[in-house]
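For this chain, numbers begin at 1 and follow the sequence in order. Order of listing sets the numbers, starting from 1, for every ligand and every atom in it.
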Amino acid sequence: MPAPVIGVLALQGDVPEHLRALEEAQARAVPVRRPEELHQLDGLVIPGGESTTLWRLSVAFDMLEPLRKLILSGLPAFGSCAGMIMLADRLADGVAGQQTFGGIDMTVRRNAFGRQVDSFESDITLSGLGAEATGPLRAVFIRAPWVEQNGENVVVLGTEERTGRIVAVRQGSLLATAFHPELTPDRRIHELFVDIVKDNT
Ligand code: GLN
């Protein structure tokens with residue numbers, strides 16, 4: 001099977017890190033910022049960054065509605081941190097009028113871990129990575145959200161140990177992490193997403 005083509009939404013955020021991580025996970029990674037670039041994709045990554053900026057730029061670049069439709073119609077997507085926020089059907093602590101692409105039946109709280117722990121690292125034990133991929137994953141949290149409420153079709157893949165909060169979820173072909181797997185060398189999350197994309201094509 002040829003390598004799947006996975007777009008990284010390149011409006012703002014840590015785009016190069018995701019492009020590199022996807023290539024290391026044996027996908028063909030392409031930055032996308034215009035609606036006409038979306039039809040070529042087998043999957044989409046929404047990077048970490050700032051969700052209010054991603055929202056505003058998506059509107060300015062006419063990407064909000066096309067991406068909503070594509071995700072709703074089954075395009076596999078993976079969002080990290082701000083990307084997790086963009087995949088949430090509901091937001092807590094969003095700014096006035098803040099919109100998301102949606103897709104995952106969950107409420108995500110922005111900046112949930114609070115000021116005192118703006119950024120931290122934590123070992124996360126994840127499920128759903130396949131039997132061969134055992135062992136905790138070092139997770140980097142930067143002004144990270146958490147999942148405050150999730151619907152019954154949302155599978156919890158991991159929680160943060162200190163708080164017990166949900167920080168990794170999957171709903172069908174949609175995957176989201178509150179942390180940034182693109183910033184660490186462990187490729188298991190990107191490999192999982194590439195597998196999800198392959199299964200879908
Ligand atoms: N706090 C940011 C937001 O609301 C997310 C931070 C991140 O992606 N590292 O979008």
Side-chain angles (χ1 to χ4, degrees), residues 6-22 29 31-33 43-61 63-64 67-68 71 77-124 126 137-150 157-163 165-170 174-190 192-193:
I6 300 184
V8 177
L9 185 62
L11 299 176
Q12 189 259 344
D14 57 355
V15 176
E17 290 82 355
H18 272 293
L19 291 170
R20 198 171 317 124
L22 286 166
V32 291
R33 53 176 70 83
L44 177 77
V45 166
I46 306 164
E50 171 51 50
S51 60
T52 54
T53 307
L54 282 174
W55 157 53
R56 291 198 174 97
L57 289 176
S58 297
V59 173
F61 280 70
M63 291 286 264
L64 189 74
L67 281 176
R68 273 187 176 164
I71 292 166
F78 163 44
S80 65
C81 201
M84 170 186 254
I85 295 171
M86 293 307 292
L87 286 175
D89 280 349
R90 297 170 298 280
L91 279 191
D93 264 354
V95 301
Q98 183 173 353
Q99 292 176 286
T100 65
F101 304 133
I104 302 183
D105 179 11
M106 61 179 176
T107 304
V108 166
R109 179 170 293 280
R110 286 182 63 230
N111 304 326
F113 286 95
R115 278 178 183 274
Q116 275 180 322
V117 283
D118 244 357
S119 301
F120 63 100
E121 293 186 20
S122 179
D123 283 331
I124 309 285
L126 291 164
L137 182 134
R138 191 77 184 154
V140 176
F141 293 84
I142 304 168
R143 293 185 306 285
W146 65 43
V147 177
E148 199 142 293
Q149 179 273 338
N150 56 286
L157 300 184
T159 54
E160 198 278 317
E161 207 168 79
R162 186 179 55 84
T163 56
R165 294 292 184 165
I166 299 168
V167 291
V169 293
R170 177 174 175 180
L174 302 177
L175 180 68
T177 62
F179 51 91
H180 292 270
E182 69 279 15
L183 298 183
T184 46
D186 193 324
R187 284 293 153 258
R188 283 178 288 171
I189 298 277
H190 286 81
L192 169 64
F193 183 57

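The 4.0 Å heavy-atom shell around ligand 1 contains residues Gly48, Gly49, Glu50, Ser51, Cys81, Ala82, Ile85, Arg110, Asn111, Ile142, Arg143, His180, ordered by chain and number.
Looking at every heavy atom in both residues, Met86 comes nearest to Thr100 through O-CB, 3.4 Å. A pairwise comparison of heavy atoms in Ala178 and Met84 identifies N-CE, 3.6 Å as the closest pair.
Under the side chain to side chain donor-acceptor pair (under 3.5 Å) criterion, Asp105 pairs with Arg90, not counting sequence neighbours. Residues meeting the salt bridge (charged side-chain N to carboxylate O under 4.0 Å, His left out) test with Glu148, sequence neighbours left out: Arg109.
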Sequence neighbours left out, cut at 3.5 Å: what donor-acceptor pairs do the side chains of residues 44-51 make with other protein atoms?
residue: Glu50; atom: OE2; partner: Thr52; partner atom: N; Å: 3.1
residue: Glu50; atom: OE2; partner: Thr52; partner atom: OG1; Å: 2.7
residue: Glu50; atom: OE2; partner: Arg110; partner atom: NH2; Å: 3.1
residue: Ser51; atom: OG; partner: Gln98; partner atom: NE2; Å: 2.9
residue: Ser51; atom: OG; partner: Arg110; partner atom: NE; Å: 3.3

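Between Ile124 and Glu161 the shortest side-chain heavy-atom distance does not fall below 4.5 Å.
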